[in-house]
Amino acid sequence: MLKTHGCGDLRAAHAGEKVTLAGWVHRRRDHGGLTFIDLRDRSGLAQVVFNPATSSVAHAVGHTLRGEWVVQVTGEVARRPQGTENAKMPTGEVEIIAGSATVLNESKTPPFYVNEDAPVDEAVRLQYRYIDLRKERMQRNMILRHRAVKFMRDFLDARGFLEIETPILIKSTPEGARDFLVPSRLQPGSFYALPQSPQQLKQLLMVAGYERYFQMARCFRDEDLRADRQPEFTQMDLEMSFVEMADVMGLVEEMHTELVRKIVPEKRLLATPFPRLDYKDAMSRYGSDKPDLRFGMEITDITGLARTTQFQVFKAAAQSGVVKGIVAPGCAGYSRKQTDELLEFVRGKGAKGLVTIALEKIAGSLEALTQEQVRSSAGRHVTIDEIKAMAGRMGATPGDLLLLVAGPEAETNAALGSLRQMMGERLKLADPSVLAFGWVVNFPLLEWRPEENRWDSPHNPFCAPIDQDTPLLDMDPGRAMAKQYDLICNGYEAGGGSIRNHKRAAQEKILALMGHDAAAREEQFGQLLGALEYGAPPHGGIATGIDRLVMLLTGEENIRQTIAFPKTQNGADLLFGAPAPVSEKQLQELSITVKEQQRSGERPAGA
RNA sequence: GCCCCGGUGGUGUAGAGGCCCAACAUGCAGCCCUGUCAAGGCUGAGAUCAGGGGUUCGAAUCCCCUCCGGGGCGCCA
C-alpha cells in the first residue's frame, strides 16, 4: 500500500506517529515559507504542513503542488499549535509535518471545482463524471447508497433470503414500457429484450421452491426520462412464498424503518407503523396515488356548494364533474402575477382553469368578511355568502387563498394534487428532515380502457384479486380489488408489490379480461402459465426503487445525484458518447441495415 | 410528439439595439509572503457571446431554425 492511513481518519490520538498518506491536493495555502496542503482521499481531509526548516526537499515539492495533483506524503502527525486548531474539520486538531513528498501524478486544471459545492452545468459534470464524483457530496451519496444496499442485503440474508441473479438478455414482452432490444447474431432477425423487471423470473424461482428470493436488480425501460426516472435503474426486488399481504408489507416496513434509523439517523420517520391509505381516498383527498403525507392541505370537494352559484363554470362542472380545491394558508396577499403563475401551473397539469379566492386578513372570523374583503377571479358571480360557505367547508380562515379547479373528477384531482405538492414545498410545509413512508392499498385490479375496449391492469397483470372479490371477475371486473400495495414516501412511489396469482386458471382469467386470447397468452406468458401448473406455491413480493430511495435519504432532487454514471434527458451518456453508430461490420454480423437518412447526426437531404 | 427555462473566458454570473474588440468573482500563470484553513498582496494571460440564417447604419442583446442541458405533459404493465 502506498499509504498507512486515511486522511480523514487522523485524530489527536495519532500524534507522534509517523504516517504515509496518499491522495489529491484539495486546497493549497502557500505562504512562501510555510505551505499548507489539504490532502483529500475518500476518508476525508487532512492538513499537511511543508516547513522548509523540517525538510527543504519536501517543501520544494510542496511548493509545486497544484489542485487535484496526486501526492504521497510521509511525515509525523502532530497536534496543531495552540490556537490554530480548526474545529470545522474532523481532523482539525492535528496536522502532518511533511518529511517527504512524492508527486504520484499531476493533473490538468479541472473543468470545475472539486473543493466546493457550487452549481455546474449538468452537461459538463456528466462529461467529466470522474471528476464530478470526487466531490464530497457525490461521494457521500455513493457511500450512503452502498450502506443502504448493504443494509438491505444483510437484513434479507438474516431472514433467509437468497440473492439470485436473473438474466439480462430475456424475451420481449408486450404490455407496459417499451423494451430495449438486443439483436441476436446467432439467430438473425431475432432479438433479446432487456428486462423491465425480473417479475416473471422471480415468480419462477418461487415455483422452483426457493421460497425467499431477492436481488438488487438492474431494470431497463425505454421511456422518456424525468428527474426521478432513468432508462436503467436499480430495484430491490424480492419475492416470498406462502405469504399474505401483511407478511410482505410487515417485512418491508421493518426493513425501511430500521434502515432509516441506522443509515440516516438525522431523519425522522413521520409515523410507524406506516399509515395506510385506500387508493380511492388518496386520489380524492390528495389527488395522487403517491401523496406526500408530510403535510395536510387536503383537497376538499365543494361540488354541492358550487352547483347553486350563478358562476357558469362551477354550475357546468357540477353537472358532469366536480369542483374541488385546496387552501393555501396565508396566501391571500398573492399578486395577480403570482395567481397567474398558479393558473399556468395547473393548466400544465391538465386543468382547464383555476379559480382563486383571496380572503383578506382581518381581525375577526370568516363570518365577518365583507364582499370588499374578498378578491375572486370569478368576480361577483360567486356571492360573499357562497364564498363563506366554501371557505368554511374547506377549513379556510381570513388571510388564506382558496385555489379551486372545476372539471372531470380525474383531471381535477390530478391538477390539484400537483398544485398541492408544489404549494406544500413552496410554503415549506413539507419538512425536508422527515420521511413520510406510507402504504397505498385497495387498488382496483383492473381498469377499463374504452379506446381499446378491454381491461388493463394498473400495476402488473400477475396481481391477484382479494379473495372475496374473485367472483366479481365474472360479474363486474371493475369492482374487484387487488392484493396490491404501493410503498410511498414524500410524494414519490418508493415501491410496489402484490400477492400473485399462483394458479393457472386464475391468471388466465385475468389475462383474458385484458384482451389476450388463448394463443396470445401462450405466446407471451406461456413460460409462467406453464410453471403455475407444476405445484406453484402461493407467493407475492415487492420491488422498491433504490435510486429514488437514496434520493430521498440524501435529500437530493433528482436521481442523477444517486447514480454514478447517469444518462441525460436525451438518454445520452456524455462521458462515453453513447448511443453511437457502430461499424458496418458489426451491423452485418447482426444482419441489420440502418436506413441511411435516419442515422443519428445526419440530417435528411434538403433539411 | 408537445410546452416551459437555460447556453457569454476553465467555472459561476453581469449584460436588455450604439456606453462591449464584453464586466465581476473565482480559477489559472508569474512574483512577494513562516500559522494558514475560501490564506493574503501585486502583475498578467484567458471569450470567434452554443451553431447557422435573418432584421438593422449597427446585434451577446430583436426574429427564425438547429444542436445541447434542465423541468414538465404525453409515455412510464
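Any value given below was found using the heavy atoms of this structure, including those in side chains, with hydrogens, waters and symmetry copies removed. This structure is a prediction, so every number in the text was calculated from the model and none was measured. In what follows, every chain begins at residue 1, and chains take the letters A, B, ... in the order their sequences are listed.
Considering only side-chain N and O atoms, A:Lys88 lies nowhere under 4.0 angstrom from the phosphate OP1 or OP2 of B:C37. Taking only side-chain nitrogens and oxygens, A:Arg226 comes nearer than 4.0 Å to OP1 or OP2 of B:C73. Contact check, A:Gln196 against B:C76: no side-chain N or O comes under 4.0 Å of OP1 or OP2. Between A:Arg29 and B:A39 there is a side-chain polar atom (N or O) within less than 4.0 angstrom of OP1 or OP2. For B:G69, one of the phosphate oxygens OP1 or OP2 lies less than 4.0 angstrom from a side-chain nitrogen or oxygen of A:Asn570. Residue A:Arg27 has a polar side-chain atom (N or O) positioned under 4.0 Å from OP1 or OP2 of B:A39. Considering only side-chain N and O atoms, A:Arg560 lies under 4.0 angstrom from the phosphate OP1 or OP2 of B:G71.
The gap from the C1' atom of B:A50 to that of B:G6 amounts to 11 Å, rounded to the nearest Å. Look at the P atom in both B:G51 and B:G1: the space between them is 25 Å, to the nearest Å. One P atom belongs to B:G52, the other to B:C37, and the distance between them is 46 Å to the nearest Å. Comparing B:C75 with B:U11, their C1' atoms sit 36 Å apart, to the nearest whole Å.
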> A:Ser418 and A:Gln421: side chain to side chain contact (heavy atoms under 4.5 Å, CB included), yes or no, with the steps?
Replying inline: CA-CA 5 Å; A:Ser418 298; A:Gln421 184 70 39; 5.8 Å; no
>> Working note: A:Met138 + A:Arg129, criterion side chain to side chain contact (heavy atoms under 4.5 Å, CB included); need CA distance, chi angles, decisive distance, verdict.
In response: CA-CA 10 Å; A:Met138 293 304 292; A:Arg129 191 60 158 180; 3.4 Å; yes
>> Does A:Leu445 form a side chain to side chain contact (heavy atoms under 4.5 Å, CB included) with A:Asp469? I'd like the steps, not just the answer.
In response: CA-CA 10 Å; A:Leu445 183 71; A:Asp469 285 0; over 6 Å; no
> Checking side chain to side chain contact (heavy atoms under 4.5 Å, CB included) for the pair A:Leu10/A:Leu21: CA distance, chi angles, key distance, verdict?
Replying inline: CA-CA 10 Å; A:Leu10 298 177; A:Leu21 303 178; 4.0 Å; yes
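Summarising the geometry, the separation between CG on A:Asn558 and P on B:G71 is reported as 6 Å, rounded to the nearest angstrom. At whole-Å resolution of the value, CD in A:Glu223 and C1' in B:C73 are 14 Å apart. Summarising the geometry, the separation between CZ on A:Arg229 and C1' on B:G70 is reported as 15 Å, rounded to the nearest angstrom. Across the protein-nucleic acid pair, A:Leu225 atom CG and B:G74 atom P stand 16 Å apart, rounded to whole Å. Atom P of nucleotide B:C76 and atom CD1 of A:Ile559 are separated by 17 Å, given to the nearest angstrom. Here the P atom of nucleotide B:C75 and the CG atom of A:Asp224 are 11 Å apart, to the nearest Å. The distance between atom CD of A:Glu344 and atom P of B:G71, rounded to the nearest whole Å, is 21 Å. Computed from coordinates, the A:Asp30 CG to B:A29 P distance equals 12 Å when rounded to whole Å.
At distances below 3.5 Å, at least one donor-acceptor pair connects side-chain atoms of A:Gln196 with backbone N or O atoms of A:Ala177. A:His59 places a side-chain N or O within 3.5 Å of a backbone atom of A:Gly33 that can act as its donor or acceptor partner. Side chain of A:Arg504 to main chain of A:Leu532: no donor-acceptor pair is present (N/O by atom type, distance under 3.5 Å, no hydrogens or angles). Not one N or O on the side chain of A:Arg500 forms a donor-acceptor pair closer than 3.5 Å with the backbone of A:His539. Between the side chain of A:Glu223 and the backbone N or O of A:Arg178 there is at least one donor-acceptor pair closer than 3.5 Å. Not one N or O on the side chain of A:Asp486 forms a donor-acceptor pair closer than 3.5 Å with the backbone of A:Val440. For A:Arg454 (side chain) and A:Glu451 (main-chain N/O), no donor-acceptor pair under 3.5 Å exists by modelled atom type.
As the counterpart of B:G10, B:U26 is assigned, both hydrogen-bonding distances of the Watson-Crick or G-U wobble pattern falling under 3.5 Å. Across the strands present, B:U36 finds no partner; the criterion is a Watson-Crick or G-U wobble pair with both atom distances under 3.5 angstrom. Across all strands shown, the partner of B:G69 is B:C5, judged by Watson-Crick or G-U wobble contacts whose two distances both fall under 3.5 Å. For B:A47, there is no paired base (Watson-Crick or G-U wobble, both distances below 3.5 Å). Across all strands shown, nothing is found opposite B:U55 as a Watson-Crick or G-U wobble partner with both distances under 3.5 Å. In this entry B:C20 has no Watson-Crick or G-U wobble partner, no candidate having both defining distances under 3.5 Å.
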> Where along nucleotides 4-11 of chain B does protein come under 4.0 Å, by heavy atom, of base (B) or sugar-phosphate alone (S), with - for untouched nucleotides?
Replying inline: ------BB
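Residue contacts for A:Thr35: at a heavy-atom cut-off of 4.0 Å it reaches no nucleic acid atom on any strand shown. Within the nucleic acid shown, A:Thr84 comes within 4.0 Å of at least one base atom, counting heavy atoms only. At a threshold of 4.0 angstrom between heavy atoms, the contacts of A:Glu85 include nucleobase atoms, whether or not backbone atoms are also involved. Counting any heavy atom pair closer than 4.0 Å across all strands shown, A:Gln47 reaches a base atom.
Of the residues listed (A:Glu122, A:Gln569, A:Gln230), the one engaging A:Arg560 in a side chain to side chain donor-acceptor pair (under 3.5 Å) is A:Glu122, and it is the only one.
For the pair A:Arg221 and A:Glu95, nearest-nucleotide mapping onto RNA chain B gives the more 5' position to A:Glu95. When the nearest nucleotides of RNA chain B are assigned to A:Gln569 and A:Arg548 by heavy-atom distance, the more 5′-ward of the two goes with A:Gln569.
Contact record, A:Ser55 with A:Gly99: OG-O, 3.1 Å, taken as the closest heavy-atom pair.
A:Glu116 contributes no side-chain N or O that forms a donor-acceptor pair with the base of B:U26 under 3.5 Å. No donor-acceptor contact under 3.5 Å links the side chain of A:Arg66 to the base of B:G27. A donor-acceptor contact under 3.5 angstrom links the side-chain atoms of A:Asn86 to the base of B:C37. Checked by distance alone, A:Arg80 brings a side-chain donor or acceptor within 3.5 Å of a matching partner on the base of B:C37.
In this structure, A:His31 does not pack face-to-face on the six-membered ring of B:G35, missing the 5.5 Å centre cutoff or the 30° plane limit.
The side chain of A:Asn51 sits closest to B:U34 out of B:U34, B:G71, B:G69. Comparing B:G72, B:C28, B:G69 by their closest approach to the side chain of A:Arg28 singles out B:C28.
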Show me the protein contacts with nucleotides 42-50 of chain B, counting only N or O atoms at under 3.5 Å.
none

